[in-house]
Each structure stands twice: as structure tokens, then as C-alpha cells.
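One structure below.
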2 protein chains.
Amino acid sequence: MKYIEKLRNSGLRPTKQRLQICEVLFDTEKTFHFTINELDQKIKDKINNKISLATIYNTVHAFEKKGYLKQIPVNSNQTYFDTNITDHHHFYNLKDGKLIDLENSDVGPINIKRKIDGKKIKSIEVLVKLED
Amino acid sequence: MKYIEKLRNSGLRPTKQRLQICEVLFDTEKTFHFTINELDQKIKDKINNKISLATIYNTVHAFEKKGYLKQIPVNSNQTYFDTNITDHHHFYNLKDGKLIDLENSDVGPINIKRKIDGKKIKSIEVLVKLED
DNA sequence: CAGTTTTTTAGAACCATTATAAACTGCAAT
DNA sequence: ATTGCAGTTTATAATGGTTCTAAAAAACTG
Ligand SMILES: [Mn+2]
Ligand SMILES: [Mn+2]
Ligand SMILES: [Zn+2]
Ligand SMILES: [Zn+2]
């Protein structure tokens, strides 16, 4: 199975629960954005059984650490994750809290002219807030 | 006093506590970034008395709503605010969680080529994550 | 000043996230 | 197979930032 490798790379053994989480996260054409609660709900719907929140948090964090998921910086009381791990940006709809992908090509190259001593750039992320 | 207007504009009467919060927030040459806990600490230090957290939260939110403070989107369990309300961007030092201003001129113009129906752009913010 | 409204405050409530510790699972050695 | 063991899942508790509450204090009005 294709998820076993992702799990092993993330330092996790392929258990039933973790594979089910993978099915929800990675078994789609389209990538998507989610909070942990939304993921929990999605798992209940798709897999028709409940996985404890602790397992969901642990698995998501392991994937994020390994780079199979990204965290999106937004102002919210919940953490937003993204299954799209390519370099890209986001619209943030303030009305409903939903994110929309903004491809790199829709933003154009961003050239940071200033340097910070002893630090290197890990990522450059653009957040475009939308209102009515 | 110069703060009375800011408070009135924000729908708040100029009370002793609110004016003290203003002194800490706006009585400096330099702008700065802060979390509520850092602001609370700063108030204790500078004003030498304690203001209840509820008052601090209320005042900060009123200023933010009016545009006298900005919230900066970062991945953190705490909310980051900025007394610099000009259009600008940020470095985010992952090591210590500190923000550094990135002037618009250090980033260059950002041209979002994609439009979302019925929505208009409220802000465009770039977050540059720094690692060692 | 007296009466009314607004504000401040300490503490409770809320809720996303993290920690804990006991039950469970899968595998391996005997 | 039986047992032992390490890793995993789970329910639940703890944590901590933020918001709510309601009573006391302060500010305003006439
Ligand atoms: Mn997290
Ligand atoms: Mn807030
Ligand atoms: Zn995305
Ligand atoms: Zn700033």
C-alpha cells in the first residue's frame, strides 16, 4: 500500500487507525485544507468509525514534521493544515474562515531583499484576506 | 491628551486603565509586536501596577477593530499584535517566536492575478519563516 | 449629593491542544 | 501456542490562551 511508506518515513508504524487517517488525507485527487475537528468529522463520515483525537493529533503532527502536511498561518483559534505541500499561497475568506489556494503563478515571484544574519529563509507565504 | 481621541474613536471612554494601556502601546518612537501576555508584563513594568486581563483584552480588541492595532497571522497558540499599522510584512523567527518587520520596499510589489467573485482584497501579508 | 450607567476586576467557563496512564495490538522468542 | 515486550490507541485529565460573568468600583448626570 502506498501509505505505508509515508507512515514509515514519518516514524510511524502502519496501524489500522493511521492507514484510515491516510485514506482521508491522501486518497483524493484534490488537496484540501482542514482543521483537526474537520478532519475528525471527515474520518467519522468516510471510514464510519471513530479514531481518538490523540491519535489524530499525533499522526497529523508526525506528517507535518516530515513535510507531508503543511500548517497554514492564519489568525484563528484553530490550526489550519493543508494536504497541498507544494509552494503556494492562500486567500483567506474572513466571512467563513475558509482557505483557497493561490498558485505561485497567480502571485508572481517574491524577492525578499533583506537578509537576517545567521538565519535562512525556510518559507515565504502570502496570505490574502478577503472581505465582501 | 493624544490618546483620548484614539480611545473615543474606538468607542471607549478615556479611563485611567485605558490611558495606561495607551502609554505602553503608543508612547514610543518605535512600533513593536506583542502577545497579550507580553503586553500585560510590559504594563506591570512600565506603569508599576496591574490591569486585569479582561480590560487588556477588551482594549486591544477595540483598537484592533478600529485599526489602531493589527493582528499578525502566525502559527502560534498566542495571538500576535502589531502597533505598526502601515502595510508591511514580517520575518518570523521560528526559534524564538519573534517577529521582525519587513518593509514593503524590501519585498516589492505583490500583484495578485486571480480574483474571487464577490470578494475584495482586504490585505496582502507576507510571512517569511526563518530558521538557523 | 444621589441615582444611574459604565468600567474594572477576579474568577469561572470555554475550548483547542497536549499529556497521561491504562488497556490493547502485533510481533518475536521461547 | 504462550508469554513477553514494545509500540499504539484510547478515554480522560491537564494546560493555557481567550472569553464570559457578575459583583464591586468608578465615572457621569442632574
Ligand atoms: Mn500543532
Ligand atoms: Mn482575539
Ligand atoms: Zn493550500
Ligand atoms: Zn510588524
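Quick caveat, the model's predicted, so the values are computed rather than measured. Per chain, numbering begins at 1; letters A, B, ... match sequence-line order.
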When you get a sec, tell me which of [options] is the closest nucleotide to the side chain of [X]?
X       : options                : answer
B:Thr79 : D:dT18, C:dT8, C:dA16  : D:dT18
B:Arg18 : C:dT8, D:dT9, D:dT18   : C:dT8
B:Gln78 : C:dT18, D:dG17, C:dA10 : D:dG17
B:Asn77 : C:dT17, D:dG17, D:dT18 : D:dG17
A:Tyr57 : C:dT18, D:dT18, D:dT10 : C:dT18

Do [Y] and [X] meet the salt-bridge criterion of a basic N to acidic O distance under 4.0 Å?
X        : Y        : answer
B:Glu64  : B:Lys70  : no
A:Glu38  : A:Lys98  : yes
A:Lys120 : B:Asp132 : no

Can you tell me the distance, in whole Å, between the [atom1] atom of [X] and the [atom2] atom of [N]?
X       : N      : atom1 : atom2 : answer
A:Lys50 : D:dT10 : NZ    : P     : 8 Å
B:Tyr80 : D:dG17 : OH    : P     : 11 Å
B:His61 : D:dG17 : NE2   : P     : 14 Å
B:Ile56 : C:dT8  : CD1   : P     : 11 Å
B:Asn58 : C:dT8  : CG    : P     : 8 Å
B:Gln20 : C:dT7  : CD    : P     : 16 Å
A:Leu53 : D:dT10 : CG    : C1'   : 11 Å
B:Ile51 : C:dT9  : CD1   : C1'   : 12 Å

So which of residues 36-47 of chain B are in contact with DNA chain D, with a heavy-atom cut-off of under 4.0 Å?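 The answer is B:Ile36, B:Asn37.
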Check whether NZ of the Lys or CZ of the Arg A:Lys6 lies under 6.0 Å from the centre of the six-membered ring of A:Tyr68 and within 45 degrees of that ring's axis.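 So A:Lys6 does make the cation-pi contact.
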Determine, for nucleotides 25-30 of chain D in 5'-to-3' order, which nucleotides have protein heavy atoms under 4.0 Å from the base (write B), from only the sugar-phosphate (write S), or from neither (write -). ---S--
Around atom [atom1] of [X], are there more than 12 heavy atoms from other residues, nucleotides or ligands closer than 6.0 Å?
X        : atom1 : answer
B:Lys113 : NZ    : yes
A:Lys65  : NZ    : no
B:Lys46  : NZ    : yes

Check whether B:Asn104 reaches the backbone of B:Pro109 with its side chain - one donor and one acceptor, N or O, closer than 3.5 Å.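 No; judged by distance alone, with no hydrogens or angles, the pair does not exist.
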Please check if the side chain of A:Ser76 supplies one atom and the backbone of A:Gln78 the other of a donor-acceptor pair under 3.5 Å.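 Confirmed, A:Ser76 side chain pairs with A:Gln78 backbone.
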When you measure from the side-chain N and O atoms of B:Ser52 to the phosphate of C:dT8, is any distance below 4.0 Å, counting only OP1 and OP2?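 Indeed not, no polar side-chain atom of B:Ser52 lies that close.
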For A:His33, which of A:Asn84, A:Ile100, A:Asp101 qualifies under side chain to side chain contact (heavy atoms under 4.5 Å, CB included)?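 With A:His33 as partner, side chain to side chain contact (heavy atoms under 4.5 Å, CB included) holds for just one option, A:Asp101.
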Residue among A:Leu99, A:Leu69, A:Val24 satisfying side chain to side chain contact (heavy atoms under 4.5 Å, CB included) with A:Phe34: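 Of all the options given, the one that passes is A:Leu69.
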With ring-ring contact (aromatic ring centres under 6.0 Å, His included) as the criterion, how do A:Phe81 and A:Phe32 come out once you've worked through the C-alpha distance, each side chain's angles and the decisive distance to 0.1 Å? CA-CA 8 Å; A:Phe81 294 92; A:Phe32 61 97; over 10 Å; no
Using five base pairs at each end, measure the axis-to-axis angle across the helix from C:dC1-D:dG30 to C:dT30-D:dA1 and round it to 10 degrees.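 Here the local axes at opposite ends form an angle of 10°.
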